[in-house]
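To find a chain, count down the sequence lines: A is the first, B the second, and so on, and within it residues start at 1. These figures come from a predicted structure and were not determined experimentally. Side-chain atoms are counted along with the backbone in the values below, which use heavy atoms only and exclude waters and symmetry mates.
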Amino acid sequence: MFDYVSFLQNLSNGVLIGGVYALIGVGLTLVFGVMKIINFAHGDFVILGMYCAVLLNSLLGWDPYLSLLVAMPLGFVAGALLQRLVLSRLMEAPPESSLLVTLGLALVIGNILLLTFGAEPKSVNVSYASSTVSLGEVSFSMILLLAGLATMVVIAGLYTVLNHTELGRAIRATADNRLGAELVGINTRWIEAVVFGIGMALAVTAGVVLIPLLFATPTFSGAIFTLKAFVVTVLGGLGNIGAAIAGGLLLGVVEVMGASYLTSDYRDAYGLLVFLLILLLRPEGLFGKTVKRV
Amino acid sequence: DIEVGVINSLSGPFAAFGERYQAGMEVALEEINAGGGVRGEPLTLSVQDDRSEATSALAAIESLNRQDVPLIMGSYASSITGPMAQLMTRQEIPLIVLGSADNSITKPGSPWVFRAKHNSTIVAESYFDYFDFLREQDDSLETVAMLYGNGAWPASLAEEGERLAEERGYEVVGNQSYDQGTSDFRPILNRFRSEEPDLLYVVAYAEDGVAIARQMREVNLNAKAVAIDTGAALPSFVDQVGDLAEYVATVVSWSKDVQYEGVEDLYERLKAKTGEEPTFYEAEGYLALRVAADALERAESLERSDVRDVLAETDLDTPVTHVAFESFDGFQGQNPIRSLVLQIQDGEHVTVFPTDLAAEDVRYPTPVWDER
Amino acid sequence: MSDQADNVLSIQNVDLGYGSLKVVFDASLTVKSGELVGLIGGNGSGKSTILRAVSGMIKPWKGTIHFDGQEVSGRKPHEMARVGLAHVPMGRQLFGNMTVHDNLLLGASLPAARDRRDENLEKVLTLFPDLKKYAREKAVQLSGGQQQMVAIARGLMLGPKMLLLDEPSLGLSPLLVKDVMAAIRRVADTGMPILLVEQNVKQVLQVSDRAYVLENGYQVLDGPSSELQDNEKIKKAYLGL
Amino acid sequence: MPSALKADGITVSFGGVVAVNDVSLDVEQGKILGLIGPNGAGKTTLFNALTGFVTPQAGRIYLHGNEITRLPPYMRTRVGIGRTFQTERPFEELTLLENVLVAAFLKEPKRKKAEQLAMDVLEKVGLADRYDQPALDLNLARRRRLELAKALAVQPSVLFLDEMMAGLNPPALKEMIEFVRRLTDQNLTIVMVEHIMEAIIELSDHVIVMANGSVITEGLPRDVIEDPRVITAYLGED
Amino acid sequence: MKKHYIIFAGLVMVGILYPQMFPGYLSVAITLLLYAGWATAWDILGGWAGQVSLGHASFVGLGAYFVAVGTAHHEIAPWWSILMALVAAAMLAYLWGRLTFKLKGPYFTLSTIAIAEIFRLIAINEGWLTGGATGVFIMTLPEPFGLDLFSRQVNYYLALAFAAITVLVVMLISCSKFGYQLRAVREDEDSAMASGINPTTVKLKAFMLSGALTALGGGIYAIFLSFIEPHIIFYLLLSVQIALTAIIGGRGTIWGPCVGALLIVGSGEIFRTTFAEANMLIYGLLIMVVVIFMPRGIVGEPARYLIRRVYAKRAQG
Ligand SMILES: Nc1ncnc2c1ncn2[C@@H]1O[C@H](COP(=O)(O)OP(=O)(O)OP(=O)(O)O)[C@@H](O)[C@H]1O
Ligand SMILES: Nc1ncnc2c1ncn2[C@@H]1O[C@H](COP(=O)(O)OP(=O)(O)OP(=O)(O)O)[C@@H](O)[C@H]1O
Ligand SMILES: [Mg+2]
Ligand SMILES: [Mg+2]
């Protein structure tokens with residue numbers, strides 16, 4: 001007998017987890033799309049967001065969602081500064097350079113956190129940590145629902161900015177051809193700073209949203225988030241915001257379904273296999289397409 | 001001065017544990033030096049960071065070897081301590097294991113490697129002794145579901161658990177591992193729920209343990225007794241999980257309410273050192289250095305072979321546990337330590353088993369979620 | 001100096017180069033308002049380099065550049081666009097994965113240009129009617145010549161005070177070369193100052209008012225185009241006569 | 001004379017756009033075929049179909065009587081096709097000699113001999129004195145010549161030149177025309193796309209005019225440029 | 001080219017004498033040599049052929065596991081198991097490349113991470129094959145000609161031989177036809193095809209060679225550690241370290257990866273002992289600084305600058 005209730009339960013869990021993945025991935029997608037930077041520090045930005053929430057909670061007793069008010073602007077400024085002061089120096093360098101610099105950055109961030117907060121995992125215990133909302137026989141985790149909601153808001157906002165504003169057009173132009181954008185009067189250095197700022201703000205947001213769910217550890221989990229972000233990003237197509245959602249959802253559903261109906265020890269492998277499959281069948285991602293001319 | 005070598009994970013992924021061992025060793029060091037040091041000289045530690053990786057640890061051994069230390073203590077992960085044990089055996093340097101609990105370090109072991117703390121067999125046996133103890137009260141206990149991370153420690157504990165379950169007549173109705181870093185256990189827990197296990201045997205590090213405890217509530221998974229190794233032993237587990245942590249049991253090598261002499265004093269000093277609630281990690285760090293100092297005091301000279309010889313004859317009482325290195329069941333240089341089962345009762349870790357060391361009675365059975 | 005005052009562009013004694021390689025030596029050049037000035041010379045003589053220096057892609061090693069009355073040496077390309085300089089470079093630098101339409105709109109990204117975007121778009125499409133057909137296609141898909149037209153059109157969308165054109169006829173069919181040259185002349189006739197770099201010396205001298213000749217980075221000749229057309233040296237070296 | 005290159009009914013489309021529509025051609029050995037037509041007519045696409053860089057939807061291609069329709073580009077190079085790219089594509093981080101050496105290795109696997117061959121080719125195109133310069137810093141005329149050198153170093157029997165002359169100043173253009181003419185003296189067959197009429201008229205033995213993907217007319221250069229259709233579509237009235 | 005061979009001979013001489021001079025510093029030296037070899041091997045694919053892989057830990061793991069499981073579970077002598085590992089690595093690289101070489105740039109890189117992660121999971125979960133999450137101990141090794149394979153000295157010379165072999169292979173490649181094909185493919189695949197090169201074949205050969213050599217180092221690594229655990233040996237961070245070493249030193253240069261190993265392993269060891277807890281922080285900063293100021297690597301950047309400068313001088317003069 002096929003158990004529809006647990007199937008629906010698993011499916012909805014997958015979708016919600018996928019929402020979280022999408023939130024982690026979308027900032028990376030944006031940054032890659034515009035600057036062609038593979039940002040290895042993305043996961044560590046997520047962790048920075050977590051610590052931000054932890055700090056505000058322990059000092060002022062704020063709810064994590066409240067700390068978004070501080071974390072997002074801070075993330076934006078930090079990202080913009082990072083781009084202006086460090087990454088902008090690499091515009092001429094081979095593409096691997098940015099990969100290495102962000103890798104170094106990941107080490108630096110992780111170890112600064114280690115030195116300031118200690119290695120002990122930290123979290124924020126919210127009252128709604130294991131509460132659920134039930135719909136018929138299917139129940140939804142409250143924190144996951146909130147995270148899903150946050151994802152939707154953030155991505156809708158980002159989509160609007162990119163596709164319906166002058167700034168968005170300028171960002172897309174810079175992504176396409178940097179010199180060309182300069183020539184039509186777009187200050188690409190500014191745009192890049194803004195984009196990196198947005199990317200970091202998004203990562204930080206993801207961290208804050210995740211803290212009721214997960215622990216912040218300084219040097220360990222950054223790579224895990226980065227990896228998930230990469231998978232999401234490539235599934236959707238590097239640089240395609242809307243597709244990041246699809247990528248995230250797909251990843252979440254595949255992992256949860258695999259873990260539920262196959263074996264759980266290969267949970268991550270299911271996502272990676274689908275990732276590879278899509279990469280091979282559609283090298284530009286699920287929705288990506290670029291035209292190449294010889 | 002007499003200098004002993006320490007190789008510890010102070011940076012990298014295992015730094016969380018390294019920090020705690022370090023604090024424990026410092027407390028022991030202060031105690032020893034306040035008591036006149038060893039052989040009338042102050043004891044000092046020559047500490048090397050292994051960056052949580054084996055190659056650095058091997059380089060650190062050579063570096064300490066050049067300093068001619070009589071013995072070395074280290075390290076946390078078995079991936080580091082394993083290669084260390086091999087190299088130090090060849091170079092004939094005594095090794096006192098700091099944190100690694102993997103069986104393979106002392107089984108088959110070597111004449112140069114000593115471990116005062118527990119290993120996976122001892123820990124798994126403690127859990128099953130505890131389960132047996134519960135079964136004496138309630139003979140309906142039959143089925144067990146196991147959930148563990150895919151790291152070396154959880155995996156070996158699961159292996160032992162599986163063996164013991166069979167040996168002692170429990171039926172394993174669920175046996176699942178997960179990749180470390182996973183934070184969503186709902187698929188597994190949902191599956192377990194349909195199996196309705198009497199016992200839940202979970203091996204997970206801190207973050208995972210918290211997530212598992214919370215999600216058990218979320219998916220409404222009930223069991224008569226729940227054991228979560230490692231994760232549930234930390235004070236932060238109670239902070240994070242709150243009421244949901246009640247009734248959870250966990251095995252440790254030391255606890256502040258165990259009935260050994262000097263425990264309260266040690267507890268206070270450890271707490272003063274870190275400013276936080278001490279755990280068995282600090283205690284194990286303390287233990288290792290106490291064992292080392294004891295051997296150095298007794299040794300004929302600081303020659304390594306002399307140190308090794310007296311280490312093998314250790315018979316030491318500490319506020320953590322009694323230490324004597326023995327060969328048994330294929331182990332060598334292993335202290336047959338009596339592990340403790342703690343249960344979380346009213347937000348506190350309380351020693352409940354073995355009964356002669358216990359501070360309180362076990363609370364059993366665990367009520368179902370809806371009735372809490 | 002009144003003479004200086006109506007120079008839209010004035011380059012004085014600049015040295016230019018890349019890395020440690022100097023390629024332009026002590027060049028000076030002016031463009032007055034309403035003038036169409038040609039810049040000709042052999043391959044690699046430094047013509048594009050001068051344009052790059054004007055639009056801020058490279059910094060002059062020595063000397064000054066004034067545009068529209070201000071000293072501008074060392075500014076960034078987007079700053080030059082902001083003060084009204086449109087550079088249509090060789091290699092075009094289109095937004096390949098965006099539509100032709102988007103490319104044109106982006107030409108008018110600056111606030112000043114945005115106000116007159118529709119008006120400019122109309123003008124540009126009358127100048128290059130073919131573009132209407134490709135408006136919805138991605139720029140990479142166009143053939144080389146088609147892309148060239150998009151590039152010039154995008155430059156004009158800025159509604160600039162001055163236009164720098166680097167080999168606008170490159171890769172165009174003879175018919176289009178004529179069209180483009182005529183279009184350039186028409187644009188110039190509206191009073192737009194233009195600095196035009198071209199290999200097609202004959203055509204340049206026909207449409208331009210004045211011209212400079214560059215050889216191996218040195219400025220060797222300049223004067224009204226009609227005079228240069230009759231210059232023996234030019235005839236031999238550049239017109240292949 | 002035997003046919004060096006023959007194509008039958010080549011059709012290429014991208015999505016809905018038919019870029020090349022049922023084009024056939026036949027070039028005799030040692031002759032030059034000129035290909036002209038308005039921008040976007042499909043010339044480069046036809047080139048790419050003939051050299052294997054795009055896959056035609058229909059048609060067959062023969063080199064010296066052997067069908068090569070299904071061969072990948074590098075196999076076509078190995079059986080005797082050489083080509084240049086409309087936008088030059090040197091190996092930027094390599095020196096000029098190394099650039100040409102890569103191609104020269106195709107027929108001369110021995111390093112010494114290949115180097116000799118590469119130097120000879122560089123000599124021919126007049127870049128020998130700069131053999132150790134990185135290709136990155138070349139100016140346009142030299143990049144073109146390097147592109148040509150690379151195509152020649154594979155020792156092709158049929159050479160495809162895509163707008164080799166564009167952007168050259170008149171003296172350089174003259175040199176290039178001379179150079180290409182000399183190539184046919186060595187029995188090389190050439191197919192060239194060009195917008196510079198001077199080059200087409202002086203060099204080609206036969207001209208094909210394309211517009212909107214199809215051949216609109218073909219013949220001797222002199223005749224073709226008089227054709228009113230060619231004038232309206234391509235050349236423009238004087 | 002000749003000067004490279006002279007440098008090579010000199011370095012090998014120094015390498016041979018080193019244990020006599022610094023017998024107390026062998027572990028660091030072994031680590032350095034292993035990284036030099038791995039980075040050089042990685043560079044065949046990553047530098048010379050331009051395909052940046054972040055999955056090379058799979059090959060290290062393959063080599064290490066063949067040796068460890070071979071001796072621990074099947075009593076196969078390490079030289080046979082290394083030989084089998086070489087073949088297996090080449091085969092793996094072939095299949096891997098077949099599958100992913102149509103991906104370009106970052107897509108290829110990300111695919112390598114994904115595949116390597118899958119191998120990590122297999123190594124952890126398939127205990128019957130690999131010994132599982134608890135890892136494998138190498139307890140005994142045969143003693144060919146009375147040599148104790150566990151001794152640091154022997155480990156050292158094995159690592160030296162490994163590094164020397166990979167560097168030699170790269171030196172031979174760099175001036176051969178194959179070497180130029182690799183560079184051509186890296187620069188521009190279409191243009192390479194126009195020169196008659198089949199980019200896929202060339203990349204496959206590079207990957208197979210690179211993978212097999214990396215596995216060789218992996219086998220020696222297993223003997224060196226004598227205990228391996230899948231989490232460590234198949235870890236993304238190991239892949240990253242290998243790539244990092246090569247790129248920091250200078251991709252596509254003969255000595256770059258070796259210089260990178262000297263810097264990375266050397267500074268790691270120095271920082272470890274001098275900066276205590278902050279060592280990884282300083283290490284991260286060092287990486288950032290080197291990459292920002294020398295994006296083409298310690299060897300690559302000056303080399304490129306020199307060539308262009310010399311040329312500029314000549315053009316001016
Ligand atoms: N990015 C660059 N780096 C180094 N050298 C360069 C660069 N661009 C151009 N050069 C060199 O500068 C010199 C002048 O080049 P420039 O492009 O200005 O010439 P040009 O007159 O525009 O020639 P063409 O008619 O071929 O376009 C040439 O010798 C060229 O090799
Ligand atoms: N990869 C592609 N995807 C979509 N359309 C393409 C592609 N390549 C070419 N086209 C279309 O095919 C048509 C022919 O292009 P092609 O480059 O062959 O023209 P051409 O004759 O070489 O022109 P030019 O003389 O300007 O170089 C153009 O309309 C172009 O938009
Ligand atoms: Mg130019
Ligand atoms: Mg074309």
- Item | ring pair (Phe, Tyr, Trp, His ring centres under 6.0 Å) against E:Y283, all qualifying residues, sequence neighbours excluded | none
- Item | Region of E:I292 in contact with chain A, defined by heavy-atom distances below 4.5 Å | both
- Message: A side-chain contact here means heavy atoms from C-beta on lying under 4.5 Å apart; do E:L110 and A:V231 qualify?
- Response: no
- Quick one: pull up CZ in A:F40 and CG in E:L236 and give me the separation to the nearest 0.5 Å. 5.5 Å
- Taking all atoms of both residues into account, what is the closest heavy-atom pair of A:V101 and E:M288, and its distance? O-CG, 3.6 Å
- Apply side-chain contact (heavy atoms from CB on, under 4.5 Å) to A:I37 and list each qualifying residue two or more places apart in sequence or on a separate chain. A:V31, A:M35, A:N39, A:L87, A:S98, A:T102
- For residues A:Y266 and E:N125, report the shortest heavy-atom separation together with the two atoms involved. OH-CB, 3.5 Å
- Which portion of A:I38 sits near chain E, non-hydrogen atoms under 4.5 angstrom: side chain
- Around atom CZ of A:F117, are there more than 12 heavy atoms of other residues, nucleotides or ligands at under 6.0 Å? yes
- Applying a strict 4.5 Å limit to non-hydrogen atoms, the region of E:E126 in contact with chain A is both
- Against chain A, work out which of E:I122, E:L285, E:L237, E:L286 has the most heavy-atom pairs shorter than 4.5 Å and name it. E:I122
- Item | Separation of E:I113 CD1 from A:L227 CG (nearest 0.5 Å) | 6.0 Å
- side chain to side chain contact (heavy atoms under 4.5 Å, CB included) between E:I287 and A:L103, worked out: CA-CA 8 Å; E:I287 293 170; A:L103 202 77; 5.7 Å; no
- Task: Among the options A:V108, A:L105, A:L107, pick out the one with the most heavy-atom pairs lying under 4.5 Å from chain E.
- Result: A:V108
- Note on the structure: On a heavy-atom basis, the closest approach of A:L272 and E:E117 is CD1-CB, 3.3 Å
- Message: Does any part of the side chain of A:D265, heavy atoms only, come nearer than 4.5 Å to the side chain of E:L121, both counted from C-beta?
- Response: no
- Heavy-atom pair of closest approach, residues A:F275 and E:S111: CE2-CA, 4.2 Å
- Message: Using heavy-atom distances under 4.5 Å, tell me whether A:L115 contacts chain E through its side chain, its backbone, both, or neither.
- Response: side chain
- Query: With a 4.5 angstrom heavy-atom cut-off, which part of A:L90 approaches chain E: side chain, backbone, both or neither?
  - Reply: side chain
- Per-residue contacts, residues 245-268 of chain E versus chain A, heavy atoms under 4.5 Å: E:I247, E:I248, E:R251
- Query: Passes side chain to side chain contact (heavy atoms under 4.5 Å, CB included), A:I112 versus E:L281? Steps please.
  - Reply: CA-CA 7 Å; A:I112 287 178; E:L281 174 67; 3.5 Å; yes
- Contacts of E:I115 meeting side-chain contact (heavy atoms from CB on, under 4.5 Å) (sequence neighbours excluded), chain-then-number -> A:L276, E:W96, E:T100, E:F119
